[in-house]
Amino acid sequence: MGRAEAAAMIPGLALLWAAGLGGAAPSTPRLRLSFQELQARHGLRTFRLERTCCYEALLLDEERGRLFVGAENHVASLSLDNISKRAKKLAWPARVEWREECNWAGKDIGTECMNFVKLLHAYNHTHLLACGTGAFHPVCAFVEVGQRLEEPMLRLDPRRLEDGKGKSPYDPRHRAASVLVGEELYSGVAADLMGRDFTIFRSLGQRPSLRTEPHDSRWLNEPKFIKVFWIPESENPDDDKIYFFFRESAVEATPALGRLSVSRVGQICRNDVGGQRSLVNKWTTFLKARLVCSVPGAEGDTNFDQLQDVFLLSSRDRWTPLLYAVFSTSSSIFQGSAVCVYSMNDVRRAFLGPFAHKEGPMHQWVSYQGRVPYPRPGMCPSKTFGTFSSTKDFPDDVIQFARNHPLMYNSVLPIGGRPLFQQVGAGYTFTQITADRVAAADGYYDVLFIGTDAGTVLKVISVPKGGWPNAEGLLLEELHMFEDSAAVTSMQISSKRHQLYVASRSGVAQIPLHRCAAHGRACAECCLARDPYCAWDGAKCTRFQPSAKRRFRRQDVRNGDPSTLCSGDSSHPVLLEQKVLGVEGGSAFLECEARSLQAHVEWTFQRAGESAYTQQVPAEERAERTRRGLLLRGLRRGDSGLYLCAAVEQGFSQPLRRLALHVLSAAQAERLARTEDTAPVAPPGPKLWYRDFLQLVEPGGGGANSLRMCRPQPAPRPQVPESRRKGRNRRTHAPELRAERGPRSAADW
Ligand SMILES: *[C@@H]1O[C@H](CO)[C@@H](O)[C@H](O)[C@H]1NC(C)=O
Ligand SMILES: *[C@@H]1O[C@H](CO)[C@@H](O)[C@H](O)[C@H]1NC(C)=O
């Protein structure tokens, strides 16, 4: 034993950040879509109740076609097809006497002494189980939702309330983590008013309630529960286990290191009924292991120590789902988030490995080397592994060992040994995750939807990298789901309906899983997007149909290489030439924006009267490249000519615009102004645009030199570093070609 070994349990404790990662730039999504854009063009639908906050519990009911929502003082039932349509709501406030007690206890009557509905489970064919904080008086109720699908129902009998202690938290700031298995609820909560008695609790159902050993920091040490899952281990239901995901203060940390946060996975057996002589009505099969999500580095590991959410993605068999988890950091110097993926087999291996052991207060935590009693603690009483039929039959030495050794020595490492995806210095952190397994032309892909504390959802795909099982995450989209950038509190996905449902403090939002047309109008753009939901059908970027003929579903998720897929495809949109006017000495803005944020724009120029294109746009000091176009200052007559811009991505060039710039002399511009002055009435329609132009050349407007653009254009914005753009709405789509009412050529004058 010794320091080194003890430290090995918590690798990289001393260094919470590494130079290499701290300086890394955050990934840029290929598409960034604002709330307004999603609402106007991509089917974003929203739901909110008046004067109600804190939408936290979401329950997806595919059969009834409903999304049940828990919020402040309310439960709502929404249509899965359109959450804005025909919503039903049920008011469920806390009782007046509970609110008064809550207020006497020093809590805020307006923000804390309410019933925050934290938990919703499908209970039986006619009822949901709903639990809320009840103004620091946890309460549960069975909500009748009816059997008939056509007539959504939502009813609660206020005289028949159940005790919510050990099911819902008291404090609205705390989360509830629970799973309903049959009639029994397994939950991880603080079971007291002060929020100190944390427990893993089984309640409801016929059997006596069971809990963790109270006030034993080896079992639970100020935990924050995240998720609970019921996962079978074999065909035999006696082996079924319940897995708890949480984070807590590390008991195994040496005091010198101070308080350290660790993430955990814990297990219990479903058929645990507690011990006979000791651990009576307590778990006898509780074990926990550390869940590691870190990036190894030369100077130490970068640790993402704060588990935020876990999503269980089913695989072919029921007992080996994949676990997708999001983490953030507790460090104040280093802010980042990561996605780590775990295999259930690795979780089970940790529980079969050595136990962590501490001989006494002055000793270090080490790997237990002594004899482990039989049946091995953590094993469920079942015919599969032994002869015990109940935990009450377990020998005393097994119970004693279980009580003193809840922690495993080995940690659970992510698949590939490092995060699948991380985002450092992006100005936001990950809060939620959900995933969808999608059949694409070249195999199956996991598409991840990651909610952030800035009200956005990131769409990330997992693509193989190097040999199996290594993979990396590619950021495809950043979707701004809420107008007010409120943190994402909960997410549900419907693969069947192809919809994502996202909750926050301010409301609930719904969005389809894909927006293929947003990727672009060319085969190459569709291919470069690498979206497993989308393919090029010969004419447009559209939903991928595995059954369609091969040439109508061109897609390359793995490489995103358009050169082979799109060769011979003459589907480039025809680029109409657009005329742009400028005045000598003034400036002109040539608008051109790539749809993809991962593309860069290249300009080529053909001087008027010359036949060759050159890369040389006017000299650097007069030409400023912005995200939205090219700003030319101090215009000269010789700048007249044809400007062609193209988006270049992965070495593939996509022409975007052809702009013909004509630079007028100041005298020409003034002549033009006079003509307009004497014109009796400006004809409406196409000519309107140059009235703005003329205002600019009026002497009162400062003369010809003040002419900044030949056509009213939004002012070009300088590029803002990614990290400073958080929370603002941005325009990200390329402007549509506006050739239909383009300005007339200078020759017309
Ligand atoms: C959803 O329902 C709302 C309210 O009835 C309606 O205005 C909206 O157009 C619907 N959206 C879609 C995409 O069906
Ligand atoms: C569902 O549970 C509720 C609450 O216990 C009960 O009143 C109701 O009868 C049950 N419904 C069915 C179909 O079992």
Side-chain angles (χ1 to χ4, degrees), residues 33-50 55 59-61 63-70 75-90 92 117 119-132 138-164 166-168 178-187 202-207 209 457 479 481-483 492-494 496-503 507-518 533 542-543:
L33 298 169
S34 70
F35 174 79
Q36 286 77 9
E37 233 173 324
L38 288 174
Q39 205 169 36
R41 281 188 228 149
H42 302 294
L44 176 80
R45 277 151 270 175
T46 54
F47 168 81
R48 55 184 304 177
L49 290 163
E50 260 179 56
Y55 302 78
L59 173 66
L60 190 76
D61 187 337
E63 276 169 38
R64 286 191 180 83
R66 305 303 289 179
L67 179 74
F68 297 106
V69 180
V75 176
S77 164
L78 317 180
S79 159
L80 280 183
D81 296 317
N82 182 349
I83 61 167
S84 310
K85 204 175 67 182
R86 289 191 298 123
K88 283 191 96 68
K89 65 171 185 180
L90 170 77
W92 184 23
V117 180
L119 165 169
L120 289 175
H121 290 295
Y123 186 70
N124 61 20
H125 291 304
T126 53
H127 286 72
L128 305 182
L129 172 68
C131 301
V139 61
C140 293
F142 293 101
V143 177
E144 191 173 3
V145 291
Q147 248 170 332
R148 302 269 303 278
L149 309 186
E150 314 81 65
E151 299 162 28
M153 175 200 268
L154 204 60
R155 204 155 55 196
L156 179 152
D157 185 351
R159 286 159 306 177
R160 286 195 51 207
L161 297 179
E162 307 270 328
D163 184 7
K167 304 178 186 89
S168 165
S178 60
V179 67
L180 189 76
V181 183
E183 288 189 334
E184 294 175 320
L185 186 75
Y186 295 82
S187 50
R202 180 170 69 204
S203 56
L204 303 176
Q206 307 301 318
R207 298 187 282 183
S209 297
V457 168
L479 310 172
M481 301 294 288
F482 298 99
E483 210 165 5
Q492 288 287 329
I493 195 168
S494 167
K496 194 171 136 195
R497 288 178 161 84
H498 258 261
Q499 300 287 324
L500 181 72
Y501 307 91
V502 185
V508 185
Q510 168 187 13
I511 189 91
L513 301 183
H514 56 82
R515 289 144 284 283
C516 299
Y533 294 116
T542 182
R543 168 107 186 257

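Order of appearance sets the numbers: ligands from 1, and atoms from 1 within every ligand. On a predicted model such as this, the values are computed, not experimentally measured, just so you know. These values consider heavy atoms only, across backbone and side chains, with no hydrogens, waters or symmetry-generated copies.
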Residue pairs involving residues 143-162 (criterion ring pair (Phe, Tyr, Trp, His ring centres under 6.0 Å); sequence neighbours excluded):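 Non-adjacent pairs meeting ring pair (Phe, Tyr, Trp, His ring centres under 6.0 Å): zero.
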Considering all heavy atoms, the nearest Ala130-Val143 contact: CB-CG2, 3.9 Å
NZ/NE/NH1/NH2 to OD/OE distance under 4.0 Å, Arg160 and Asp157: no
Those residues that, when tested against His42, pass ring pair (Phe, Tyr, Trp, His ring centres under 6.0 Å) (two or more places apart):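 Testing His42 for ring pair (Phe, Tyr, Trp, His ring centres under 6.0 Å), a comparison that skips the adjacent residues, returns none.
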Residues in ring pair (Phe, Tyr, Trp, His ring centres under 6.0 Å) contact with Tyr55, at least two apart in sequence or another chain: none
Ser77 and Arg66: side chain donor to acceptor below 3.5 Å: yes
Geometric N/O contact Asn124 with ligand 2, under 3.5 angstrom: yes
For Tyr123, the ligand 2 atoms whose distance to one of its heavy atoms is below 4.0 Å: 2 (O), 5 (O)
Donor-acceptor contact below 3.5 Å, side chain Ser168 vs main chain Gly132: yes
Under 4.0 Å from ligand 1 - residues by heavy atom, chain and number: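 Lining ligand 1 at under 4.0 Å, by heavy atoms, one finds Arg45, Asn82, Ser84, Lys85.
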